[in-house]
Amino acid sequence: MNPADAPLFRRRLLEWYQRRQRPLPWRKTHDPYRIWVSEVMLQQTQVKTVQPYYVRFIKRFPTLRRLAGADLQDVLKQWEGLGYYARARNLHRACTIVLKQHGGRVPDTWGPFRVLPGVGDYIAAAVLSIAFNRPHAVVDGNVKRLLARLLTLTAPVNRAASHRLFQEQAARLLDRRRSGDFNQAMMELGALVCTPSSPQCPLCPLVRFCAAHRSGATARFPRRVASRPVPEIEAAVGVVFKNGRVLITQRPAQGLLGGLWEFPGGKLREGEGPAAACVREIKEEVNLEVVVESALAQVRHAYSHFRIRLHVFRCRYAAGRVRRSGPAAHRWVRLADLDRFAFPKANRKFIPLLSRRPKAEV
DNA sequence: TAATCGTGGAG
DNA sequence: TCTCCAAGATT
């Protein structure tokens, strides 16, 4: 696009955004903390999914101080089901830093804000532009797709090496006087009109500027490199009953599902049966002897980079005292109290079955 | 750089 | 059922 076209491009985009923007809960506020929360939740997560989480989260933690003062377990419980739990851990930690080092005021410039945990280039540009109208251009999946089509950029959108190019083009087009609206307009247009499949070009306010549309090549943008196949893992977990309570363990604070609670278990070994794996893993993780009573469920679940088939067993405590090797903590809890803890989705899938009567023998 | 990190919607 | 991919950050 010719640089001389940029002013008209911006005007068209902003006019469209003013007419068509969705009334989202985080658009009712100028509070940088609330905008920050929304941007963290929106990472790799659709607007539709985020909305109820955002409303509940802000009701529970209405200010940065309230979040900074909360227990991480309460934060994770609010985050339960949203995924990518490092976002919640980092946001919580970042707020404690802002409280200590900045008196509870969200930094309004790049340097001090960008260094906070969980704040990358996107979040920094989004929060600073939307809350403080600072002239930083955001580059998310929407913006990359839109730019790839608009300018027929052949750089694959899912390669790190492409990022600089998209960032430069976004910065070049940015309306520096209305950067918050401009950024949101770009993303909104990508979400509503310049969609991944079957984009609504006749409704697009920028169609006259679009190189892909001009050459009839919209469907060939954005370019993307093939993703590698996802491995499938098989695992077994046991719900161990003892005196009317069940044993739950807490995952280590870092890494996959860090800080969440789960039922003990682990991967099957080569040639090992699910029930045997269940007994062995429980012995290894918490040093208990258990007896498998019945098969409770088989759960299939897709994580970000692998899939799992989970064999779930109802077990009875037989002998031993808990000595942990792996889990960060453990509890014996009543079924009615399981809802107080944050569990991964794969566990939530079978928890409702626990209050039913045991089924057939294995 | 590329792998890791969840879950759900949509085709 | 499978794949893509969504307001990305970290290591």
Checking all strands, does [X] fall into the base, sugar-phosphate, or nothing category for heavy-atom contacts under 4.0 angstrom?
X: V119(A); answer: sugar-phosphate
X: R27(A); answer: base
X: I123(A); answer: sugar-phosphate
X: R89(A); answer: nothing
X: D121(A); answer: sugar-phosphate

Can you tell me if [X] and [Y] form a side-chain donor-acceptor pair at under 3.5 Å?
X: W261(A); Y: Q73(A); result: yes
X: R164(A); Y: Q167(A); result: no
X: N90(A); Y: R87(A); result: no
X: E234(A); Y: H311(A); result: yes

Notebook entry, point to check: Given the P atoms of dT4(B) and dA7(C), what is the spacing between them in whole Å?
Noted result: 24 Å

Next item on the list: Rounded to whole angstrom, note down the C1' distance from dG6(B) over to dC4(C).
Entry: 15 Å

Check: Can W26(A) and Y54(A) be said to form a ring pair (Phe, Tyr, Trp, His ring centres under 6.0 Å), step by step?
Finding: CA-CA 8 Å; W26(A) 45 89; Y54(A) 173 83; 5.4 Å; yes

I need the [atom1]-[atom2] distance between [X] and [N], as an integer number of Å.
X: Y85(A); N: dG8(C); atom1: OH; atom2: P; answer: 18 Å
X: W26(A); N: dA7(C); atom1: CH2; atom2: P; answer: 10 Å
X: M187(A); N: dC5(C); atom1: CE; atom2: P; answer: 19 Å
X: L82(A); N: dA9(C); atom1: CG; atom2: P; answer: 15 Å
X: Q44(A); N: dC5(C); atom1: CD; atom2: P; answer: 12 Å
X: L189(A); N: dA7(C); atom1: CG; atom2: C1'; answer: 14 Å
X: Q46(A); N: dC4(C); atom1: CD; atom2: C1'; answer: 11 Å
X: H163(A); N: dG8(C); atom1: NE2; atom2: P; answer: 11 Å

Item checked: Check against side chain to side chain donor-acceptor pair (under 3.5 Å), H301(A) and K349(A) -> CA-CA 9 Å; H301(A) 189 75; K349(A) 283 180 177 176; 3.1 Å; yes

Checklist line | Neighbours of DNA chain B within residues 152-162 of chain A, by heavy-atom distance under 4.0 Å | finding: R159(A), A160(A), A161(A)

Item checked: Pairwise 5' ranking along DNA chain C for P196(A) and Q254(A), keeping only the more 5' one -> P196(A)

Margin query: Reading DNA chain C from 5' onward, which residue's closest nucleotide shows up sooner: R300(A) or G190(A)?
Written below: R300(A)

Check: With F263(A), which residues qualify under ring pair (Phe, Tyr, Trp, His ring centres under 6.0 Å), at least two apart?
Finding: F343(A), F350(A)

Looking only at side-chain N and O atoms, does [X] come under 4.0 Å of OP1 or OP2 in [N]?
X: S197(A); N: dC4(C); result: no
X: R145(A); N: dA6(C); result: yes
X: R224(A); N: dC5(C); result: yes
X: Q43(A); N: dA9(C); result: no

Next item on the list: Begin from the C-alpha positions of W79(A) and Y84(A) and carry the test ring pair (Phe, Tyr, Trp, His ring centres under 6.0 Å) through to its verdict.
Entry: CA-CA 9 Å; W79(A) 209 271; Y84(A) 285 146; over 10 Å; no

Check: Would you call D181(A)-R178(A) a salt bridge at under 4.0 Å N-O?
Finding: yes

Item checked: Charged tip of R12(A) within 45° of F9(A) ring normal and under 6.0 Å -> no

Check: Between which nucleotides of DNA chain B, read 5' to 3', does contact with chain A run, using atoms under 4.0 Å from its heavy atoms?
Finding: dT1(B) to dG11(B)

Next item on the list: On the 0 to 90° scale, with breaks at 30° and 60°, tag the H136(A)-W110(A) ring pair as parallel, tilted or perpendicular.
Entry: tilted

Notebook entry, point to check: Taking for each residue the nucleotide of DNA chain B with the nearest heavy atom, is it Y53(A) or S304(A) whose nucleotide lies nearer the 5' end?
Noted result: S304(A)

Note to self: What's the closest nucleotide to the side chain of S227(A) if the choices are dG8(C), dC4(C), dA7(C)?
What the structure shows: dC4(C)

